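Report on the following structure.
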There are 4 protein chains.
Amino acid sequence: MYFMSVLTDNKPYSKYNGDNYNMGIQERKQREKEMRRKQIMEAAKKVFSAKGFSRATMEEIAGEAELSPGTLYLYFKNKEELHTSLSIDILEYITILMKKIIGKKGIDANEKMEKLKDTFIDVYEYDSMVLINLFHLQSGETLKNLSPEVLEQLKETSADALGAITSIVQEGIDQGLFKERHPVALADIIWATYSGVVLWVDSKRLLNNDKDFVRQTLETAFEIMLKGFEK
Amino acid sequence: MYFMSVLTDNKPYSKYNGDNYNMGIQERKQREKEMRRKQIMEAAKKVFSAKGFSRATMEEIAGEAELSPGTLYLYFKNKEELHTSLSIDILEYITILMKKIIGKKGIDANEKMEKLKDTFIDVYEYDSMVLINLFHLQSGETLKNLSPEVLEQLKETSADALGAITSIVQEGIDQGLFKERHPVALADIIWATYSGVVLWVDSKRLLNNDKDFVRQTLETAFEIMLKGFEK
Amino acid sequence: MYFMSVLTDNKPYSKYNGDNYNMGIQERKQREKEMRRKQIMEAAKKVFSAKGFSRATMEEIAGEAELSPGTLYLYFKNKEELHTSLSIDILEYITILMKKIIGKKGIDANEKMEKLKDTFIDVYEYDSMVLINLFHLQSGETLKNLSPEVLEQLKETSADALGAITSIVQEGIDQGLFKERHPVALADIIWATYSGVVLWVDSKRLLNNDKDFVRQTLETAFEIMLKGFEK
Amino acid sequence: MYFMSVLTDNKPYSKYNGDNYNMGIQERKQREKEMRRKQIMEAAKKVFSAKGFSRATMEEIAGEAELSPGTLYLYFKNKEELHTSLSIDILEYITILMKKIIGKKGIDANEKMEKLKDTFIDVYEYDSMVLINLFHLQSGETLKNLSPEVLEQLKETSADALGAITSIVQEGIDQGLFKERHPVALADIIWATYSGVVLWVDSKRLLNNDKDFVRQTLETAFEIMLKGFEK
DNA sequence: GATGAATGAGAGTTCATTCAT
DNA sequence: GATGAATGAACTCTCATTCAT
């Protein structure tokens, strides 16, 4: 497992921290605020995962976070944005991980694709529920009822994530490894396959009390895709 | 487009219909009842597609169907089952189409896969919204709140659909065309890719007011998959 | 058991029946109509007893009577009056029985009180549920929402029943057997005790899955009352 | 009248209330909460009495209590439990009063029976409507639809009340004042007569716009019963 | 007279959100 | 900043009653 909690506070703070008293207090406050946010998101994750968006109540999330319902609204405009924040968070993290892969020197596109698959599996295994919520978010109902700002943020993060995949694919084409196809379409297919497998195998598991074959199915899916990409 | 409306009444009625008075009346009533059901489902499809499950109200669906709210409950036990009925309907229809492909003589698995892709595209083009609702259904939240009977029906229809794909894949393996892999896993991947592409491209469209590239992306995805399946 | 079904048709019809064709038809129609009424009341009795007034539905009563809901409204103005009709019916019958006791020659008031008790027990044993519904009717909620005509009818039947008891009590006072007290008050107490015991012991049975001690308790209650009545 | 409001807050609070700030706040909140509860019950009593259980609406009760409908559900799980709470409350209070009578020194069972009658009359006069609701509760319809916990509570309170009466009767038998009979049966009869009289005379009043003879009738009923109890 | 599909008003209940403390 | 009691709009669903057939 080469990545840490997405939802635990891992934002880099200014390294230097104490030359100014007010600055310190302000910063501490800032940090506390950030921690509360994470605390709420952590609780929301649990409840949304267990109940789904509609059946989850703000009161239960507040209880889980050991805060009062009112407090939630100091940190998130409403229920929908709290939910979306979870999704954006994981999307951002996936993007960070993918950008690391892109930056890797001395490995070709095939190997990068391998690493991409590993990343996907890791993300899934670390936090399948938030991931599934992310895909749920994609599916219309939520998308239509989002505030413009959050929609914009989601759009950007989303484009960013797709851009990262695209650039790996482009590399493969440039290196003469992959057959020449529209790289964005390929990136779409990669992301769609990932989403699809996670969603589908998960729903099969729910329907039939089946085992969790996501990892295995993702491995096969990528193997097939990679072979299909070849020139 | 080689299939007709899933939701419009296409049940075959006896051609001759007048030898018996009572029979005629009963039959007409049956037909009327079936029509009301379709009428409601048609309205529900519109409203669910426009608003998503939660934001859609029974009153609005009733209005759209030009019926009173109470009438909806004569045909569907509750909101959830009305929604699920839409999904099961299309799933059943897809299965019928796929079974026709399976039964086709004189074409190999590769060609059947081509036809499968065409079917998927046709279904999508005929009724993308119901399809997207189907995937929404798969995603946990709804699944957890379904009545046992409907869950069972969904399970069976779902297994049936997957079974059909599996048998095509098995044929490909038996004919020495596809590399030997677990056929159910392959069927999962085909279905997951289909679901994923429809969902993902659609959400991209919603996010960016983008064009509808589903057909194109599905074409490419299948091309890649087929190449990946080869021995 | 010296009385027959209250709810089965036992109204006396004209002894002579056939001198006129139209009369015959009309009469047959009348009889059929009366039978339908009883059929509905019989069904209503079952359903009201099993579910109570509020939870009983007209549709279920119709089903039980093997008729359609609409038909019920040809015989009863509404649900409330159907329910009240059951109560009035039994009240009328009780009155008939009590009047027979009053008319009995050669027995004193004490013996008549004994017979009164037996009648009460018989009525209870024959049809405890309708009886309990009758007491339920007395209890405000229903009483307040009755149509004037039915209220009037109930008032009369009720007064009639109480009058019968009163006259027995009066007899006892006149014969010097009972202490002189307001005879209507005594009649009230007799009726109230009867109602109370049936209601109370029944509710105890429901609460504790207890045995049905109504008969036994009524026996004791009357014994005590009679002793209390003595001069 | 020797008892105070059942429904008005009469719980003893610590007389001294200022040594601890937090204690004070917590206590005040507790008291406020208790007051809201009473406020709602008071309003519910009015509305249930005027309309009966079924025709009373939560909205009207809320209006009467000058609260919003939602608030009612912060204090009572649902309509049924709000209604039952009223009944249990008065039942509990009656029991308390009866236990005081039991504890009285220097008076025999006859005198205790007299006091019992007075208590019954006082309770009736203080709050006849809740009392009638209590009897209504006993009558099947409601009883069948109660939550297990509340049913249990009712059962216990009910048994408690009956037990109190039983012990007075037992005393009478032990003192050689009352004829030897099953004391529980006697208690049943006392309670049943009380219920019956209240219900019956009240319904007569409703039917005939008659005067309220409950007190008078109860007096006579007890006089008769006591005489009937004698050895 | 009988039907039973359709009605639609109205109920109980939930819960995201607010705001006085 | 935090609270959490109160809000009240909005929802799903029921069912007595009607009326065209």
Side-chain angles (χ1 to χ4, degrees), chain A residues 29 32-33 36 40 53-63 65-83, chain B residues 25 28-29 32-33 36 40 54-63 65-82, chain C residues 29 32-33 36 40 53-63 65-83, chain D residues 25 28-29 32-33 36 40 54-63 65-82:
Chain A
K29 282 204 173 170
E32 269 169 19
K33 200 169 169 180
R36 275 266 192 282
I40 294 168
F53 179 77
S54 309
R55 305 235 173 182
T57 70
M58 292 302 264
E59 202 178 339
E60 194 178 352
I61 293 170
E66 294 179 87
L67 291 167
S68 80
T71 309
L72 268 53
Y73 288 84
L74 297 174
Y75 293 89
F76 297 91
K77 213 182 77 194
N78 54 38
K79 190 185 175 185
E80 205 117 83
E81 301 221 351
L82 170 53
H83 182 257
Chain B
I25 280 190
R28 182 152 52 81
K29 284 209 170 167
E32 267 168 20
K33 205 169 167 180
R36 272 270 187 280
I40 293 169
S54 308
R55 305 235 174 185
T57 72
M58 291 303 263
E59 200 176 343
E60 195 178 351
I61 294 170
E66 291 179 271
L67 290 168
S68 80
T71 307
L72 269 53
Y73 289 86
L74 296 176
Y75 295 88
F76 298 91
K77 214 182 75 194
N78 54 38
K79 190 183 175 187
E80 204 117 85
E81 301 223 351
L82 170 53
Chain C
K29 281 204 173 172
E32 268 170 20
K33 202 169 168 180
R36 273 264 193 283
I40 293 168
F53 181 77
S54 308
R55 304 234 174 185
T57 70
M58 291 302 264
E59 201 179 339
E60 195 178 351
I61 294 171
E66 293 179 87
L67 291 167
S68 80
T71 308
L72 268 53
Y73 287 84
L74 296 175
Y75 294 89
F76 298 91
K77 215 183 77 193
N78 55 38
K79 190 185 175 184
E80 206 117 82
E81 302 223 349
L82 169 54
H83 182 256
Chain D
I25 281 189
R28 182 152 52 82
K29 284 208 171 170
E32 269 169 17
K33 207 169 165 179
R36 271 270 188 280
I40 293 168
S54 307
R55 306 233 176 186
T57 73
M58 291 302 264
E59 201 176 341
E60 195 179 351
I61 294 171
E66 291 179 273
L67 291 168
S68 80
T71 307
L72 268 54
Y73 289 84
L74 296 176
Y75 294 89
F76 298 91
K77 215 182 75 193
N78 54 38
K79 191 185 174 185
E80 203 117 86
E81 302 224 348
L82 170 52

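This is a predicted model, so every value here is computed, not measured. Just so it is clear: chains get the letters A, B, ... in the order the sequence lines come, proteins before strands, and each one is counted from 1.
Figure legend. E:dA20 is base-paired to F:dT3; pairs are counted as Watson-Crick or G-U wobble with both atom distances under 3.5 Å. Using N1 to N3 plus N6-O4 or O6-N4 for Watson-Crick, or N1-O2 and O6-N3 for G-U wobble, each under 3.5 Å, E:dG12 pairs with F:dC11.
Closest heavy-atom contact between B:F76 and B:E81: CD2-O, 4.3 Å. Closest heavy-atom contact between C:F53 and C:K79: O-NZ, 2.9 Å.
Whole-Å rounding puts the A:L72 CG to E:dC19 P distance at 17 Å. Rounded to whole Å, the distance from CZ on A:F76 to P on E:dT18 is 16 Å. Atom CD1 in B:I61 sits roughly 11 Å away from atom C1' in F:dT12 (whole-Å rounding). Taking atom OH of residue D:Y73 and atom P of nucleotide F:dG8, one finds them 16 Å apart after rounding to whole Å. One interatomic measurement links the two molecules: CD1 of C:I40 to P of E:dT3, which rounds to 10 Å at whole-angstrom precision. In this structure, A:K79 atom NZ and E:dC15 atom P are separated by 8 Å, rounded to whole Å. The distance between atom CG of A:L74 and atom P of E:dA16, rounded to the nearest whole Å, is 17 Å. Distance CD (B:E60) to P (F:dC11): 9 Å, rounded to an integer number of Å.
Residue A:S68 places its side chain closer to F:dG4 than to any other of E:dT17, E:dT3, F:dG4. In this structure, of F:dT18, E:dT17, F:dG1, it is F:dG1 that holds the atom nearest to the side chain of A:Y75. Which of E:dT7, E:dT13, E:dT17 sits closest to the side chain of D:N78 comes down to E:dT13. If you check E:dG12, E:dT17, F:dT17 against the side chain of D:M58, the one that comes closest is E:dG12. Picking from E:dG1, E:dT7, F:dT17 the nucleotide with the shortest atom distance to the side chain of C:P69 gives F:dT17.
Residue-level contact check: B:T57 touches the backbone only, with heavy atoms under 4.0 Å from sugar-phosphate atoms and none from bases. Contact annotation for D:L67: backbone-only contact, meaning every heavy-atom pair under 4.0 Å involves sugar-phosphate atoms and none involves a base.
C:L67 places a side-chain heavy atom less than 4.5 Å from the side chain of C:R36.
In terms of position along DNA chain F, the nucleotide closest to A:K33 lies nearer the 5' end than the nucleotide closest to the other residue of the pair A:K33 and B:K77.
The CE atom of A:M58 sits 5.5 Å away from atom CG of A:L82, with the distance rounded to the nearest 0.5 Å.
Within the structure, a side-chain polar atom (N or O) of D:R36 is placed less than 4.0 Å from OP1 or OP2 of F:dA6.
For B:E32, the CD atom sits in a packed shell: over 12 heavy atoms of surrounding residues, nucleotides or ligands are nearer than 6.0 Å.
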